[in-house]
Amino acid sequence: MPNRLRIFFNYRTVASPWGGANSFLRSLQAALAADPEIEIIADENAEYDVFFLNQLYRGPGRPRLGRKFLSILQLRRLHNTGTTNLWRAVSRRFTRRPLRPPAIVCRLVNHAQHAYGKADRKQVNLFRALLYTTADIFQTHYQHEIFQAAGYVKPDPTIINNGVDQLVFHPRGRIVWRPGQPLVVFSSAMSRLRTKRFDLISALSLLPGVESYHAGLWPDDVPLRQVRLLGPLGHEEMAGFFREKAHVFMHPSEKDNCPNAVLEAMSCGLPVFFSRLGGTAELAEAYGVALDEGVEPALRRMKEGYGRMQASVQQRHDYFSIVRVAAEYKAVFRRAAEARSLMGAPAFATGGNELLIP
């Protein structure tokens, strides 16, 4: 058996609903921890083979007085000395203790200029941070193209679609739509951004033969019309609604990279209404209907092709699993750890203009 791979998660998760990144990383950590070849390290000041970043955010479960974001100085210190702690780094230098810096692997989440229309300090820091990473993971080809347009030019990108915990999100016992029944459409959002396209959810709710339910948040400036609000739901509640009530999941959000809610719905066997303006189409194109022609044509196409799409999404069930994702992440972590150990330096040069800082 290969040596156990020791991994530290910079992002600290919480059990309560806290958005897609928290849900995904919580499931990923659990799946990796079940692998006998992997050890999850809880102490940031211990030794490990891989320091895993979710961009620079330290997560909702970080210590109450801890930094919200990892700083560039901390990351550089980790890269050079194997610790983010200043005093430990100084001590290692004075005692001439052998330095064993870990590989730094970054899961990229979003690009501020693209997602919100303006750059910020965190975005500049992210691009500086990528000078110190051994490997970067994109969630979709769409996301990689966004970073490329901003100046990212590292070769051989690693693209891994997200996955979900299929002990929770599974299709067993779920209902299916039959012609003549109302089509129950379920949507969810944990933010009120305009790019979530609440207006399309509202418009679809007015069409004949549709029952619309929405979990999470809803903006004050978009009329509900016939949408029934459910409030925030936990994982078990969401999965239960997918199986017991919903026929279709609606995710009209634009500029999303790889929405976890879509994968959760498809893992439960639901076809999807989706937007092509983002990475969602890479996940849902074969199992749903795009909204680019409007809600009425989309509803008609959904009803016409429902049986085929529902069968297709069930046949693809294993692909949506966090077990598949954990195996792909493990392979990246092991390659990165081996590269860092052999090279003793960044796997990607930091001189010249290899990576632009916007």
Least distance between heavy atoms, [X] atom then [Y] atom:
| X | Y | result |
| --- | --- | --- |
| Ala290 | Arg276 | CB-NH1, 3.3 Å |
| Val50 | Ala337 | CG2-CB, 4.2 Å |
| Ile201 | Ser212 | CG2-OG, 4.1 Å |
| Pro102 | Leu78 | CG-CD1, 3.8 Å |
| Ala286 | Ser312 | O-CB, 4.2 Å |
| Arg340 | Thr134 | CD-OG1, 4.0 Å |

Discussion item. Walk me through whether Phe69 and Arg58 qualify under side-chain contact (heavy atoms from CB on, under 4.5 Å).
Written reply: CA-CA 5 Å; Phe69 295 93; Arg58 302 191 70 181; 5.5 Å; no
Between [X] and [Y], is any pair of side-chain heavy atoms under 4.5 Å apart?
| X | Y | result |
| --- | --- | --- |
| Ile175 | His247 | yes |
| Phe186 | Leu230 | yes |
| Leu270 | Arg243 | no |
| Arg194 | Glu254 | no |
| Asn257 | Val109 | no |
| Arg197 | Leu291 | no |
| His317 | Pro171 | yes |
| Phe333 | Ile38 | no |

Worksheet item: What is the distance from atom OG1 of Thr280 to atom NZ of Lys255, rounded to the nearest 0.5 Å?
Response: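 Going from the OG1 atom of Thr280 to the NZ atom of Lys255 covers 13.5 Å.
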Residues, nucleotides or ligands: over 12 heavy atoms within 6.0 Å of [X] [atom1]:
| X | atom1 | value |
| --- | --- | --- |
| Arg225 | CZ | yes |
| Gln148 | CD | yes |
| Arg76 | CZ | no |

Response to the item:
Sequence neighbours excluded, the answer for side chain to side chain contact (heavy atoms under 4.5 Å, CB included) partners of Leu217 is Arg192
Item to complete: Might you work through the side chain to side chain donor-acceptor pair (under 3.5 Å) test for Thr13 and Gln29, ending with a clear yes or no?
Response: CA-CA 9 Å; Thr13 62; Gln29 184 167 336; 5.0 Å; no
Worksheet item: Using a distance-only test with no angle check, is there a side-chain donor-acceptor pair under 3.5 angstrom linking Ser267 and Gln166?
Response: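 On atom types as modelled, these side chains qualify, holding a pair under 3.5 Å.
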Worksheet entry | is_close_aromatic(Tyr11, Phe52), centroid dist under 6.0 Å |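 No, ring centres 6.0 Å or more apart.
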Discussion item. Are Phe8 and Phe51 an aromatic pair, judged by ring center distance below 6.0 Å?
Written reply: yes
Parallel, tilted or perpendicular: which describes the rings of [X] and [Y], with under 30° parallel and over 60° perpendicular?
| X | Y | answer |
| --- | --- | --- |
| Trp177 | Tyr306 | perpendicular |
| Tyr152 | Phe138 | perpendicular |
| His251 | Phe249 | parallel |

Discussion item. With salt bridge (Lys or Arg N to Asp or Glu O under 4.0 Å) as the criterion, how do Arg301 and Glu293 come out once you've worked through the C-alpha distance, each side chain's angles and the decisive distance to 0.1 Å?
Written reply: CA-CA 11 Å; Arg301 289 178 56 204; Glu293 296 180 1; 5.1 Å; no
Worksheet entry | Derivation of the side chain to side chain donor-acceptor pair (under 3.5 Å) call for Asp165 and His235 | CA-CA 10 Å; Asp165 181 355; His235 290 169; over 6 Å; no
Discussion item. Looking at Asn22 and Val14, would you say the former's side chain and the latter's main chain have a donor-acceptor pair under 3.5 Å?
Written reply: yes
Worksheet item: Under a single-linkage definition using a 4.5 Å side-chain heavy-atom cutoff for Ile, Leu, Val, Met, Phe, Trp and Tyr, are Val332 and Leu28 assigned to the same hydrophobic cluster?
Response: yes
Discussion item. Within 45 degrees of the ring normal and closer than 6.0 Å to the centroid, is that where the cationic atom of Arg324 sits relative to Tyr319?
Written reply: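 Judged by the rule (NZ or CZ under 6.0 Å from the ring centre, within 45° of its axis), Arg324 counts as positioned above Tyr319.
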Worksheet item: Step by step, would you call Arg107 with Gln139 a side-chain contact (heavy atoms from CB on, under 4.5 Å)?
Response: CA-CA 8 Å; Arg107 174 182 181 259; Gln139 299 168 62; 3.2 Å; yes
Worksheet entry | side-chain contact (heavy atoms from CB on, under 4.5 Å) partner of Val164, chosen from Val262, Val325, Leu263 | Leu263
Practice prompt. Mind running side-chain contact (heavy atoms from CB on, under 4.5 Å) on Leu73 and Leu86 for me, showing each step along the way?
Written response: CA-CA 9 Å; Leu73 287 176; Leu86 174 60; over 6 Å; no
